[in-house]
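What follows is a short report on a single structure.
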Amino acid sequence: MENDDGTTALPPGLAAAWGLRERSPKGPRRGLSLDRIVAAAVEVAAAEGIGAVSMGRVAKHLGASPMALYRYVTAKDELLLLMVDAATGPPAPPPAPGGGWRPELTHWATAQRAVLLRNPWVLRVPISGPPVAPNAIAWMEQGLAALRDTALAPGDKASVILLVSSYAWSEASLHTDIAEAGRKAAASQADAATDPTAAPTADPSAEALRGYADLLRALTSAGTHPHLHTVLDSGAFDTADDPDADFRFGLDRLLDGIETLVRTRERSRAESGSAPGPGSDPGSEAGSEQGPDTPPGP
């Protein structure tokens, strides 16, 4: 659907989120509003998982009819988009200026991960397209702002924040899956507690990791998988690492690579003798203006 000026028309809920239309039109049920619908949907997702969210389930939570919700959101996909935007919220203020792009991008990625870990159901929402909701765009803006003083071309900057955001999402998803596995292991342990001969396990996740190491030792040998057994013999799989430290290790390595790119672009600029203005980079390689298909946002 397009507007008269050729721009893509936003669904009514998103238009309201951007302030382009009234958020709370008069409806058949007094007190029902877009904000209440989205908040109720978030409560259902947080309590029961994203799979439980439907127009009918949210309507029941509000004590309304499903048809009443369609005055505010046109479809479940639109509701999911608004839920994610409400749950993630706007980005926290960046660090004080002067530290350079790397501390700012570290803060940005770490904040994204923290938001996702607080709202793990967000990770289960299918991605239906590039971000268009207000808070998602605010996150994108802050990520790009971190790179404002680098010699990267605009397309490079967009690709960098997509890369870093994708890492934050992937790592948060892995952390959430491991935590869920740990909860299931704990539940199994609780069931086994009825057996007086069962030995208690202090940390189900650590026990699961040790079980994985034992399984690898049983399935492989130093002769067939020498490099894997070097790691096994070191005990690396016998103790769970700090997930925050794991995240920071991976992020630092990712930023090391980005720093190499930034320095390469700076050398190209210096060699060309260019003095580009803010946001431009004549020293970049041809084609670097092409940005990612789906820019990031939590």
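Just the heavy atoms: all of them, side chains too, but no hydrogens, waters or symmetry mates, feed the values below.
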Q) Are the side chains of R118 and V115 in touch, meaning some heavy atoms are under 4.5 Å apart? A) yes
Q: Working to the nearest 0.5 Å, report the span between CG of L105 and CD of E259.
A: 11.5 Å
Q. Looking only at heavy atoms, which two atoms of R265 and A151 are closest? And how far apart?
A. CB-O, 3.7 Å
Q: Show your working on side-chain contact (heavy atoms from CB on, under 4.5 Å) between H227 and V231 and close with a plain yes or no.
A: CA-CA 7 Å; H227 302 294; V231 176; over 6 Å; no
Q. So which heavy atom on P134 is nearest to which on A17, and how close?
A. CG-O, 3.5 Å
Q. Do the side chains of F249 and I258 join up, straight or via other hydrophobic residues, at under 4.5 Å, putting them in one cluster?
A. no
**Q.** Non-hydrogen atoms of H61 and A40 that approach each other most closely
**A.** CD2-CB, 3.6 Å
Q) Would you call R217 and D238 a salt bridge, using N to O less than 4.0 angstrom? A) yes
Q) Mind checking whether E141 and I137 have side chains closer than 4.5 Å, heavy atoms only? A) no
Q. For atom CZ of R263, is the number of surrounding heavy atoms from other residues, nucleotides or ligands below 6.0 Å larger than 12?
A. no
Q.
Could you walk me through whether N119 and T88 satisfy the side-chain contact (heavy atoms from CB on, under 4.5 Å) test, starting with their C-alpha distance in whole Å, then the side-chain angles of each, then the deciding distance to 0.1 Å, before giving a yes or no?
A. CA-CA 8 Å; N119 302 278; T88 56; 5.7 Å; no
Q: Check L79 against M55 and note the closest heavy-atom contact, atom names and distance.
A: CD2-SD, 3.9 Å
Q. Can you check whether A92's main-chain N or O pairs, donor with acceptor, with Q142's side chain at less than 3.5 Å?
A. yes
Q.
Testing the basics here: between A145 and E104, what is the closest heavy-atom pair and its distance to 0.1 Å?
A. O-OE1, 4.2 Å
**Q.** ILVMFWY network linking L34 to W18, side-chain heavy atoms under 4.5 angstrom
**A.** yes
Q. Can you check whether S165's main-chain N or O pairs, donor with acceptor, with W108's side chain at less than 3.5 Å?
A. no
Q: Look up atom CG in L152 and atom CG in L147, then write down how far apart they are to the nearest 0.5 Å.
A: 6.0 Å
Q: State, yes or no, whether a side-chain contact exists between M140 and P130 at a heavy-atom distance under 4.5 Å.
A: no
Q.
Just verifying a value: how many Å separate T220 OG1 and H225 NE2, rounded to the nearest 0.5 Å?
A. 6.0 Å
Q.
Suppose the criterion is salt bridge (charged side-chain N to carboxylate O under 4.0 Å, His left out): which pairs have a residue in residues 47-63, not counting sequence neighbours?
A. E48-R57
Q.
Quick one, Y72 and L32 - any side-chain contact, counting heavy atoms below 4.5 Å?
A. yes
Q) Rounded to the nearest 0.5 Å, how far apart are CG of D156 and CD1 of I161? A) 12.0 Å
Q: Look only at the side chain of R269 and the backbone of E266, and say whether a donor-acceptor pair between them is shorter than 3.5 Å.
A: no
Q | Test: D244 and R248 ion pair at under 4.0 Å | A | no
Q. Given a cutoff of under 4.5 Å between side-chain heavy atoms of I, L, V, M, F, W and Y, with clusters grown through shared members, what are the other residues clustered with L219?
A. L215
Q | From CA spacing to verdict: side-chain contact (heavy atoms from CB on, under 4.5 Å), V44, W121 | A | CA-CA 10 Å; V44 171; W121 59 266; over 6 Å; no
Q: For R113 and T110, run side-chain contact (heavy atoms from CB on, under 4.5 Å): C-alpha distance rounded to whole Å, both residues' side-chain angles, the deciding distance at 0.1 Å, then the answer.
A: CA-CA 5 Å; R113 175 177 178 264; T110 303; 5.8 Å; no
Q: Report the distance from atom CG of L10 to atom CG of L20, rounding to the nearest 0.5 Å.
A: 6.5 Å
**Q.** 4.5 Å side-chain heavy-atom contact, D77 and L81
**A.** no
Q) Side-chain heavy atoms under 4.5 angstrom apart, residues restricted to Ile, Leu, Val, Met, Phe, Trp, Tyr: same cluster for M83 and L117? A) no
(Q) Between S170 and S166 (side chain of the first, backbone of the second, donor and acceptor by atom type, cut-off under 3.5 Å), is there such a pair? (A) no
**Q.** T176 versus P120, closest heavy-atom pair with distance
**A.** CG2-CB, 3.7 Å
(Q) Any non-hydrogen side-chain atom of V38 less than 4.5 Å from a side-chain atom of D85? (A) no
(Q) Using modelled atom types and a 3.5 Å cut-off, is there a donor and acceptor pairing between side-chain atoms of W139 and backbone atoms of G89? (A) yes
Q. Under 30°, 30 to 60°, or over 60°: which ring-plane class applies to F247 and Y167, parallel, tilted or perpendicular?
A. parallel
(Q) Is there a side-chain contact between T150 and L261 in this structure, where contact means two heavy atoms from C-beta onward sitting under 4.5 Å apart? (A) no
Q) Quick one: CG on L216 to CG on L232, what's the gap to the nearest 0.5 Å? A) 5.5 Å
Q. Heavy-atom distance under 4.5 Å between the side chains of E171 and L174, does that happen here?
A. no
Q: May I ask whether L163 and L251 are part of the same hydrophobic cluster, defined by side-chain heavy atoms of I, L, V, M, F, W, Y residues being less than 4.5 angstrom apart, directly or through others?
A: yes
